[in-house]
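Please read the structure below before turning to the comments.
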Amino acid sequence: MNRSPRLFSLKLITVAVATCCAGLAAAAAPGNDPAALGKIRDAALKSDWAYERLADMTDLIGPRLAGSAGAAAAVTQVAEAMRKLGAKVTLQPVKVPH
């Protein structure tokens, strides 16, 4: 399986999330060191954690068509993973037209 396009997309997402988090952290706590924030970004780019989560979702859950049991399982899996990381996660019902 060619993971290169997925890996590139995942790295792009990781950089975007790290950048947003860094921006929020800087806004929340004035005086944050740009070098420290750069280290966080660099660590995120070197880690395969996000790719492994993507692999879990594709390998363990499978197809996730909108409104399907697979989509519901993916939502539950991601929500639980985020909760384990300490995030406050709330789910809201969504209507999916077919």
Side-chain angles (χ1 to χ4, degrees):
M1 167 173 55
N2 183 0
R3 293 183 175 184
S4 157
R6 278 199 309 185
L7 188 56
F8 174 76
S9 296
L10 196 56
K11 283 187 177 186
L12 186 60
I13 291 168
T14 303
V15 170
V17 169
T19 302
C20 289
C21 290
L24 291 174
N32 276 341
D33 179 19
L37 297 175
K39 287 180 182 179
I40 293 170
R41 181 201 57 231
D42 294 344
L45 287 172
K46 291 177 185 173
S47 172
D48 66 347
W49 184 88
Y51 179 77
E52 292 301 322
R53 300 303 62 80
L54 177 64
D56 287 347
M57 188 182 272
T58 56
D59 296 342
L60 300 175
I61 293 180
R64 297 170 310 282
L65 296 174
S68 70
V75 168
T76 301
Q77 181 191 32
V78 171
E80 289 304 315
M82 292 179 69
R83 286 182 182 117
K84 286 180 185 176
L85 292 172
K88 179 182 176 186
V89 178
T90 57
L91 302 177
Q92 298 180 6
V94 177
K95 284 188 176 186
V96 180
H98 293 281

Original post:
Of the non-hydrogen atoms in Ala71 and Leu65, which two are nearest, and what is the gap between them?
Top reply: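 Distance-wise, the nearest heavy atoms are CB-O, 3.4 Å.
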
Original post:
Any idea which heavy atoms bring Ser68 and Pro63 closest together, and the distance?
Top reply: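 Between these two residues, the closest heavy atoms are OG-O, 4.4 Å.
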
**OP:** Could you grab the distance from atom CG of Asp48 to atom CG of Leu54, nearest 0.5 Å is fine?
**Re:**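 Result: 11.5 Å between the selected atoms.
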
Original post:
Can you hop from Val78 to Leu91 via hydrophobic side chains spaced under 4.5 Å?
Top reply: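 Val78 clusters together with Leu91.
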
**OP:** Any side chain to side chain donor-acceptor pair (under 3.5 Å) involving residues 74-85? Give me the pairs, sequence neighbours left out, ordered by first then second residue.
**Re:**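 The answer is Glu80-Arg83.
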
**OP:** Answer whether the closest heavy-atom distance between the side chains of Arg64 and Thr58 falls below 4.5 Å.
**Re:**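 The answer is yes; the side chains approach within 4.5 Å.
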
